[in-house]
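What follows is one structure encoded as structure tokens, with my remarks underneath.
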Amino acid sequence: MQPQYPFQEIEHATQQGWATKQTFRAVADSSKPKYYCLSMFPYPSGKLHMGHVRNYTIGDVLTRYHRMKGYNVLQPMGWDAFGLPAENAAIQNKVPPAKWTYDNIAYMKKQLQSLGFAIDWSRELATCQPEYYKWNQWLFLRMLEKGIAYKKTQVVNWDPVDQTVLANEQVIDGRGWRTGALVEKREIPGYYFNITGYAQQLLDDLDKLPGWPERVKTMQANWIGKSTGVRFAFTHAIQDASGQLIDDGKLWVFTTRADTIMGVTFCAVAAEHPLATLAAGSNPALSAFIDKCKQGSVMEADMATMEKEGMDTGLTVTHPLTGEQVPVWVGNYVLMTYGEGAVMAVPAHDERDFAFAKKYHLPIKQSVAEKGEGGIEKGYAIEAWQEWYASKSGYCCNSGKYDGLSYEAAVDAIAADLHAKGLGDKQINWRLRDWGVSRQRYWGCPIPIIHCDSCGDVPVPDDQLPVKLPEDCVPDGSGNPLNKREDFLNCACPKCGAPAKRETDTMDTFVDSSWYYARYATSTVASGFNPDVMVDAETNHWMPVDQYIGGIEHAILHLLYSRFWWKVMGDVGLLSSATPRFARDDVCREPFANLLTQGMVLNHIFSRRTDKGGIQYYAPEEVTLVHDAAGKLTGATLNADGLPVDFQGMGTMSKSKRNGVDPQALIEQYGADTARFFMMFAAPPEQTLEWSDAGVDGAHRFLKRLWSFAYENSEAIKAITSRGPVLLEINNLSDSAKAALRELHENLKQANFDLERHQFNTVGAACMKILNILQRINEPVLKSGYALSIDISPRALIWANGLSILLRILSPICPHITQALWAELGYGDDILAADWPQPLEAALVQDEIELVIQVNGKLRGSVTVARTLEKAAIEALALEQSCVQKFLEDGASVRKIIVVPNKLINVVVG
RNA sequence: GCCGGGAUGGCGGAAUCGGUAGACGCAGCGGACUCAAAAUCCGCCGCCGCAAGGUGUGGGGGUUCGAGUCCCCCUCCCGGCACCA
């Protein structure tokens, strides 16, 4: 054994040992409870960053902990390999996305392996492999057959200069990131998944997930957003150029506030609405306004924060209940693709409509009143918006026959009247929209459709799957290179055999990540996963995932899409045919039983605007920070030119913002165990973490201290471990030794509690405390007059016991050093095979307890009493204390004494 | 803007059910060892104060014998907002 902590040597040797013995190969074993632990797979961006280290260490700690507790564990890993950054890299470096991606995977895999994760690498997958995405295509076709997938128009960001569709990320202040051109909203056809058809299930099943954080379930429920409202029509006789009634003379709208219908003073329609198009034909100003509305991004955050603008069409429609003529406006905040593309406006009771009406001097008509203090009706003034104007707790006013009705009663009555006229009905509305999956990009899974002039859109037959993506294209920013690939494009129509063209859109990468967890669990053959089916009986053994771990940023989209996809897999019969368990009604059809949402690892973001209006990001190590007088960070200068850069605040580590911190230097300088310990010790897993390497030294120092302690006492400890189990005779221990042993086991108890609640930072603290205790133990540890019958150091008995606990509870976090010491000190060959330690109840018993004394809730002293002392005696004892008597001198009397058992006494005087 | 979360010493954080605020570390300061440095070890360390004591968990209010913890209002920060993944 070496005196210095040889981390490189032991980490290499330990990892070698695991690889040779295939220690982490997951083999289904029904004799044990199974534990499928899954961390969200990474996008292969190039290098790992600290967020990955955090995520995967959390997963590894849980995997190893459960393995030692006797579970049959599976921890796989793979690559979310399709996506935009590969295309961006291609534009920049002229490297094909496939090569870039596979190179990154190779490098990042090495990094992951050097961290010593207990991963079954035989189940590795990458979503860009045809063997994987074949099943995306296969299920897409099943969804098409069942009507779950369908085609309609979508709105995209269009760069008029590059003639290409932009991702939201590529739109900066309404302009294209490369060209600086004003982005336009453009309508193009695309495929959708009918996730709204599953909205009720997705909402209901949240209740079947007790192992999910409440906040994630709340976010999902709000996102799904079930509301009951009324869909109704304003009537009109407006005709298009050919004399046809537009939309059969009905302007449909949806509202959750039908009770305010008598307060409608105008309607607003989207720029693309037929009524807007018609009015623009004879109104150049309106036509120009509509063109302006079509500029800007399609992001909801932009829509919500932009200035609300509108213009009168000059058209009017008829209010279905009052018969009044209501003007129709075009509003830049109304989107054609959401709802009906038109809304009723009630400025008196909707904040957005109120602001709009004030701006354009439209009438504001109060139709709901509310009573305030003393039952007096609150006054309505149009000067300024008041919070209560939008309240649903009032009653109708200025609404004719509906006056006095509550929200619910008014909605019911109004819906009934609209129904009677054939102009409307109650309708359940979801905030959730159908999932648009078409992407006009190259580096993704091809959508398996063939376009034939005579047969239309024809699905690719199953036996022609997968539709393989050519891997040698190099995107240049001017659209999808597949459109220029004749060998990909040209094919025969599967129906009529005539020459036809392949669909060149690829799937949203959220499709890839919606089922990878199931593929990992599928049985493997020598060449990889079962090539004949999407999932099979082995999936039945491992699913659902027992613990899913990933960033909180995935709380809504990825998790919702995965839940949806898993339900669809069930509904197309995949799970019930392959896996009888899922055919049962009592099985919760949810893919992730327990969810741990890891907090983001943040770092500084620095950027500069480019001359074309784009953004260039700079890594934190490329800049020098500038602080104001108070020490607050205000900006930075670029080291290369000394000129200022913008400080954009703290944000998630990402390749695109260039603020990721590569763990490589840390691993090389301190070792994997230090990196892992440091990340776990820094904060509890769910908490956001601002990156700082302050404290790495402390983590490393602890491991060095552990190693030296073991080295210095190895002979004494081996003398004990070589004898097999030796009983600790607690009654023979000296008081100080007994106290040390008690502290030891209290820390073990706390560590077990903390592991169960996933608070790994305090598990690390417990390990440090245990080492501190062991180092503090001094002779004598036996009561005077007692001796051990065997020839060993009595002190070493406690060391051996304490160290065996410390090594085991530390091993999930630091698996290398603990394995090395476990074997070296003679505890056993493999720490993973050791039993998980449990505290010794006898060691925890405490005869005397310190009680805190408070006077009026303030700490004034303490007394030490026998654990069994009666409450009355405790009260009497407390009153005797000088720290209490002091407060009774001026004739004040004791009003109350509160005794909290084993904790404190509060004497209330006055 | 909307939805969700967060704020505790110079820093990361602890405090499990409303009961001793600051565990365990980092940084800092003092000391030992050393020719010296590193490493290591020992001690101190919220703020004000010589002390007694006072004060203190983003800010303001409330409930309670007692509030970091519960309630109301506000500020700032982070995540998401459907084509970043």
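Because the structure is a prediction, the values reported are computed rather than measured. Every chain is numbered from 1, with letters handed out A, B, ... down the list of sequences.
- Of the candidate nucleotides B/rC81, B/rG25, B/rG4, B/rG25 has the atom lying nearest to any side-chain atom of A/Met768.
- Going from atom NZ of A/Lys769 over to atom P of B/rG22 covers 12 Å, rounded to whole Å.
- Using a 4.0 Å heavy-atom distance criterion, A/Glu686 is classed as making no nucleic acid contact.
- Distance, A/Gln854 CD to B/rG18 C1': 12 Å, rounded to whole Å.
- Among the protein residues, A/Tyr43 comes within range of the sugar-phosphate backbone only, with heavy atoms under 4.0 Å from sugar or phosphate atoms but none that close to a base.
- Of the candidates B/rC3, B/rA82, B/rC26, B/rC26 carries the atom nearest the A/Arg701 side chain, counting heavy atoms from C-beta on.
- With a 6.0 Å cutoff to the six-membered ring centre and a 45° limit on the axis angle, A/Arg352 does not count as a cation-pi contact of A/Tyr333.
- Residue contacts for A/Pro684: at a heavy-atom cut-off of 4.0 Å it reaches the sugar-phosphate backbone alone, with no base atom in range.
- Counting any heavy atom pair closer than 4.0 Å across all strands shown, A/His558 reaches no nucleic acid atom.
- Within the nucleic acid shown, A/Arg215 comes within 4.0 Å of sugar-phosphate atoms alone, with no base atom in reach, counting heavy atoms only.
- The side chain of A/Ala301 has B/rC81 as its nearest neighbour among B/rC81, B/rC84, B/rG25.
- Applying the 6.0 Å contact sphere to CZ of A/Arg895 captures no more than 12 heavy atoms from other residues, nucleotides or ligands.
- Contact annotation: A/Arg352 side-chain N/O to B/rC2 OP1/OP2 distance is not under 4.0 Å.
- Among the protein residues, A/Val908 comes within range of the sugar-phosphate backbone only, with heavy atoms under 4.0 Å from sugar or phosphate atoms but none that close to a base.
- Heavy atoms of A/Lys655 sit nowhere under 4.0 angstrom from any nucleic acid atom.
- Within a 6.0 Å sphere centred on NZ of A/Lys358, other residues, nucleotides and ligands contribute more than 12 heavy atoms.
- Between the NZ atom of A/Lys47 and the C1' atom of B/rA85 there is a distance of 19 Å, given to the nearest Å.
- For B/rC17, the base adopts the syn conformation, since its glycosidic angle falls within 90 degrees of zero.
- Comparing B/rG12, B/rA21, B/rA15 by their nearest atom to the side chain of A/Gln759 picks out B/rA15.
- Nucleotides B/rC47 and B/rG12 place their P atoms 16 Å apart, quoted to the nearest Å.
- With B/rA82, B/rU40, B/rC24 as the candidates, the nucleotide lying closest to the side chain of A/Asn772 is B/rC24.
- Side-chain atoms of A/Glu850 lie closest to B/rU20 of the nucleotides B/rU20, B/rC78, B/rC84.
- When the C1' atom is used for both B/rU20 and B/rU69, the distance is 15 Å, rounded to whole Å.
- With both ends at atom C1', the span from B/rG22 to B/rG46 equals 8 Å, rounded to whole Å.
- Toward the 5' end of RNA chain B, the nearer of the two residues A/Gln4 and A/Gly698, judged by each one's closest nucleotide, is A/Gly698.
- A/Arg860 comes within 4.0 angstrom of the backbone, heavy atoms only, and of no base.
- Rounded to the nearest Å, the gap between the P atom of B/rG56 and that of B/rG62 is 14 Å.
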### Message
Go through it in stages, so that I can follow the logic: the residues are A/Arg563 and A/Gln220, the test is side chain to side chain donor-acceptor pair (under 3.5 Å), and I'd like the CA-CA distance, side-chain angles, deciding distance and then a yes or no.
### Response
CA-CA 11 Å; A/Arg563 295 179 59 219; A/Gln220 293 225 340; 2.7 Å; yes

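- Rounded to whole Å, the separation between the P atoms of B/rG31 and B/rA37 comes to 12 Å.
- Side-chain N/O atoms of A/Ser513 include none lying less than 4.0 angstrom from OP1 or OP2 on B/rA85.
- Atom C1' of B/rA14 sits at a distance of 5 Å from the matching atom of B/rA23, rounded to the whole Å.
- If you take CG of A/Asn55 and P of B/rA85, they are 18 Å apart, rounded to a whole angstrom.
- Atom CZ of A/Arg757 and atom C1' of B/rC17 are 13 Å apart (whole Å).
- A distance of 12.0 Å separates OH in A/Tyr670 from CG in A/Leu703, rounded to the nearest 0.5 Å.
- From A/Leu203, atom CG reaches atom CH2 of A/Trp223 across 15.0 Å, with rounding to the nearest 0.5 Å.
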### A/Ile552 and A/Val216: CA distance, side-chain angles, deciding distance, side-chain contact (heavy atoms from CB on, under 4.5 Å) verdict
CA-CA 8 Å; A/Ile552 183 67; A/Val216 174; 4.1 Å; yes

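- On the C1' atoms, B/rU75 is 24 Å away from B/rA21, given to the nearest whole Å.
- Taking 4.0 Å as the cut-off between side-chain N and carboxylate O, A/Lys749 and A/Glu746 do not count as a salt-bridged pair.
- OP1 and OP2 of B/rG66 both lie 4.0 Å or more from every side-chain N or O belonging to A/Lys858.
- Nucleotides B/rU40 and B/rG4 are separated by 48 Å at their C1' atoms, to the nearest Å.
- Judged by closest nucleotide on RNA chain B, A/Ile556 is the one of A/Val165 and A/Ile556 placed further toward the 5' end.
- As a whole-Å value, the separation of A/Lys704 NZ from B/rA38 P is 13 Å.
- Relative to the side chain of A/Lys896, the nucleotides B/rC65, B/rG79, B/rA15 differ in distance, and B/rC65 lies closest.
- Looking at heavy-atom distances under 4.0 Å, A/Phe510 makes contact with a base.
- The glycosidic torsion of B/rG9 lies within 90° of 0, placing the base in the syn range.
- Note on A/Gln775: every side-chain N or O is 4.0 Å or more away from OP1 and OP2 of B/rC42.
- A/Leu602 comes within 4.0 angstrom of the backbone, heavy atoms only, and of no base.
- Candidate nucleotides B/rU20, B/rA14, B/rG12 were compared by shortest atom distance to the side chain of A/Leu689, and B/rG12 ranks first.
- For A/Pro85, taking side-chain heavy atoms from C-beta onward, the closest of the listed nucleotides B/rG19, B/rA85, B/rG1 is B/rA85.
- Among the heavy atoms of the strands, none lies under 4.0 Å from A/Met306.
- Among the nucleotides B/rC81, B/rC84, B/rA27, the one closest to any side-chain atom of A/Ala167 is B/rC84.
- The residue A/Ile853 sits apart from the nucleic acid: no heavy atom pair falls under 4.0 Å.
- A donor-acceptor contact under 3.5 Å links the side chain of A/Asn906 to the base of B/rC65.
- Counting non-hydrogen atoms under 4.0 angstrom, A/Leu904 reaches a base of the nucleic acid.
- Note on A/Asn761: every side-chain N or O is 4.0 Å or more away from OP1 and OP2 of B/rG12.
- A close approach under 4.0 Å does occur between a side-chain nitrogen or oxygen of A/Thr509 and OP1 or OP2 of B/rA85.
- Looking at A/Arg257 and A/Asp350, no side-chain N of the basic residue comes within less than 4.0 Å of a carboxylate O on the acidic one, giving no salt bridge.
- Residue A/Arg705 is in sugar-phosphate contact alone, with no base atom involved, counting any heavy-atom pair closer than 4.0 Å across all strands shown.
- Taking a 6.0 Å sphere around NZ of A/Lys903, one finds it holds 12 or fewer heavy atoms contributed by other residues, nucleotides or ligands.
- In this model, the phosphate group of B/rC84 is not approached by any side-chain N or O of A/Gln170 to a distance below 4.0 Å at OP1 or OP2.
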